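Okay, structure first, notes after.
Quick caveat, the model's predicted, so the values are computed rather than measured. In each ligand, atom 1 is the first atom listed, and ligand 1 is the first ligand listed. Computation of the quantities below employed the complete heavy-atom set of this structure, encompassing side-chain atoms and omitting hydrogens, waters and symmetry-equivalent molecules.
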Amino acid sequence: MLSFLPILAEPQNFSLLERLLFAAMLLASAYLFWRRFGAVLNKILKSKKDPSFHLFPLGKRVWDFFWEVLCQAKVIRERPLPGLAHALVFWAFLAFALVTLNHCAVGLGFGFLSPASPISRIYFYFAAAFALACAVGILGLFIRRFLVRPQWLGAKLSWESGFIALLIFALMATYLAAFFVADTDPAARVLWWAHTLALLTFLPLIPHTKHLHLVLSPATIFLSRGAFAQIPPLSGDEDFGLVAGTDLTQLVSLQAYSCVECGRCTEHCPAATTGKLLNPKEIILGVRAYLNDLGPSSDQPLLGKYNSQEAVFQCTTCGACEFQCPVGIEHVPILVGLRRGAVNTGTWEDDHGAKLFLTLERGSNALGISPAERDKFIQKQSLPIFDGSQEYCLWLGCMGGYDPKGREIVADFARVMNYLGTSYGVLRKEKCTGDPVRRLGNDLVFQQLAEANLETLAQNKVKKIVSICPHCVRTIQEDWKDYGTPPEIEHHSEFLARYADKLPRTRVLKGHDFSRAENASIKAGTLAPERTETIVFHDPCYLGRYRNVYDQPRTVASLAGTVIEAPRNHERSFCCGAGGGLAFLGEETGQRVSHNRAAELVATGAQTVATACPFCNTMFRDALAATGAAPPQLLDIAQLAARGLPQTDTTLGSMP
Ligand code: SF4
Ligand code: SF4
């Protein structure tokens with residue numbers, strides 16, 4: 001049936017000398033592989049065990065392994081062309097597993113796949129199809145790395161990568177060429193030895209180069225912490241975070257050795273792309289260099305020679321790096337771990353940071369304002385006090401309780417809740433959730449705040465919380481778990497989207513001055529006399545990447561106009577610069593992250609920039625103004641939802 005197709009040539013009758021030579025080469029190659037790989041494995045296994053790591057439940061791990069490793073879904077989704085090229089190479093490696101085993105067995109005289117057998121032939125053709133795809137893929141990756149040269153791969157040309165690409169290409173080419181010679185042809189022998197040479201040179205290079213990820217990254221993805229940007233709890237009084245090698249856990253060491261140096265993390269990092277010192281790829285490679293030089297038993301500091309403290313404190317914890325990483329590296333816990341180490345050993349000296357820690361240790365909010373001001377705001381807005389009978393506790397947060405713009409958002413959200421007839425109340429006493437101190441590495445103050453708030457919520461019998469702040473939502477839902485069981489919580493975008501069909505639409509741009517040309521078009525009937533407002537929605541990191549909420553805020557914003565997208569949207573949204581406690585630290589170096597993002601939002605030409613986070617809102621206030629003469633208006637989605645409400649709807653249950 002397959003007689004019209006060529007047959008893979010397999011050289012016959014290897015001499016004893018050839019067999020001995022092959023066996024010696026195979027042993028040498030395996031030894032060189034193990035010498036380095038064994039050392040790496042030893043460093044990983046000798047690292048501290050992760051106290052919070054649980055293998056079970058397995059379901060998500062198995063799915064991630066299938067989807068991200070076997071299907072290469074993330075690699076392809078985030079960079080379609082190079083991702084597909086990479087996937088072709090990976091799939092070819094899988095398809096080649098038996099070909100390679102059989103190749104070695106043939107060299108030792110025990111070949112188990114006969115090219116004459118129909119089943120083996122089908123398999124050889126199957127492998128040949130992948131070999132062809134792999135050759136094309138590796139050629140594409142070579143062209144990208146050496147001719148296109150995207151800046152994220154670094155300024156230095158990696159000859160090591162070029163050599164490996166050549167070896168992979170040679171492996172595929174020699175396999176394919178063997179279909180076009182006869183078994184007895186001396187060329188078959190030459191091809192077999194050329195394939196052997198490429199294979200046995202490639203094998204020891206794997207653990208000596210970034211291609212170590214071929215072996216480690218499937219394990220890294222399978223063994224990840226399982227939740228996005230999850231900060232593990234400190235394990236007792238002796239745990240100060242990542243101070244020295246002895247603090248590196250097996251997960252962190254495994255991740256450090258898995259980095260493939262692709263630079264995706266750096267490409268998407270708001271700090272790196274605005275000229276800061278922080279480069280997430282270098283952070284990971286810094287940990288690897290430390291492990292290589294000093295090992296996991298060293299008590300030398302991790303910050304200093306191997307990683308910069310200044311860089312570590314430039315991270316906004318936006319999670320773009322972690323989201324992008326194709327091999328499952330979890331940057332945020334590593335960065336926060338390094339911050340913890342610096343804070344807990346007193347080596348981080350920053351006036352703004354020290355002031356924030358003191359403010360939150362002694363007071364109730366990160367802005368350092370008297371709680372009496374919050375009381376006044378509650379009274380002025382006639383916000384009901386939570387008494388246990390209402391459905392929702394409306395969590396104000398520091399921004400909603402103390403920041404003027406945040407208060408406007410809360411007031412408008414309360415108007416919408418009133419209109420909908422939702423019962424809610426605010427707490428008389430509420431402390432900062434501890435988000436900034438948690439992410440800046442001060443667990444002591446974070447614990448105080450989390451415990452105090454959990455106690456207040458329990459005393460008030462709160463069952464459900466809604467908040468305008470994605471940072472509060474994340475911190476309450478995930479980070480507080482280290483100290484108790486928080487009530488159910490949702491972001492106001494999720495709440496509002498659920499009721500979107502009950503809210504009035506205000507899609508006409510009021511007070512729009514039509515240009516002469518537009519007026520002419522109206523007269524000619526080619527332009528409607530009403531203009532819909534265009535709204536560009538900025539995805540807050542803690543709502544999008546952290547919570548996977550993308551559609552709901554857009555649904556709400558579309559009540560007031562036509563939602564358009566900035567070039568970087570959804571999972572690729574660019575940070576506003578406030579996260580990770582940075583809103584409370586000093587001036588940034590390089591370009592301001594908020595200015596970078598504001599320029600992109602303005603360039604969309606939208607009349608309104610919509611946000612769903614009071615921190616984004618505060619960052620864009622000045623940043624939008626700095627972009628030019630007539631910046632777009634800046635509104636939270638709650639304000640857009642409230643815009644169409646009748647003016648007399650501030651009392652509870654006023655829905656018609
Ligand atoms: S979390 Fe964001 S700011 Fe921090 S390193 Fe990653 S991409 Fe950069
Ligand atoms: S950490 Fe991940 S995304 Fe960054 S360079 Fe390494 S492999 Fe690429």
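With a 4.0 Å cut-off on non-hydrogen atoms, Thr317 touches ligand 1 through its backbone and not its side chain. Heavy atoms of Gln324 found under 4.0 angstrom from ligand 2: none, in either backbone or side chain. The parts of Val260 lying near ligand 2 are both backbone and side chain, judged by heavy-atom distances below 4.0 Å.
In the vicinity of Gly319, heavy-atom distances shorter than 4.0 Å reach the ligand 1 atoms 1 (S), 2 (Fe). Ligand-side atoms of ligand 1 in range of Cys315: 1 (S), 3 (S), 4 (Fe), 5 (S), range being under 4.0 angstrom from any heavy atom.
For atom 4 (Fe) of ligand 2, the closest non-hydrogen atom on the protein side is Cys265 SG, 2.3 Å. Among all non-hydrogen protein atoms, the one lying nearest atom 6 (Fe) of ligand 1 is Cys321 SG, 2.2 Å. At the top of the distance list for atom 1 (S) of ligand 2, counting protein heavy atoms only, stands His331 NE2, 3.2 Å. Of all protein heavy atoms, the one closest to atom 2 (Fe) of ligand 2 is Cys325 SG, 2.3 Å. For atom 8 (Fe) of ligand 2, the closest heavy atom belonging to the protein is Cys262 SG, 2.3 Å.
Using a 4.5 Å cut-off on side-chain heavy atoms (C-beta onward), Tyr542 and Asp435 make contact.
In summary, the side chains of Tyr290 and Ser298 do present a donor paired with an acceptor at a separation below 3.5 Å, with no hydrogens or angles considered. Donor-acceptor pairing under 3.5 Å is recorded for the side chains of Arg568 and Asn596.
Ligand 2 is approached by Gly263 to a heavy-atom distance shorter than 4.0 Å. Distances shorter than 4.0 angstrom do not occur between any heavy atom of His213 and any atom of ligand 2.
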Audit row: Val609, Arg597, side-chain contact (heavy atoms from CB on, under 4.5 Å) steps and yes/no: CA-CA 11 Å; Val609 170; Arg597 179 58 165 168; over 6 Å; no

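In this structure, Lys74 forms a cation-pi arrangement with Phe323, its terminal cationic atom sitting closer than 6.0 Å to the ring centre and no more than 45° off the ring axis.
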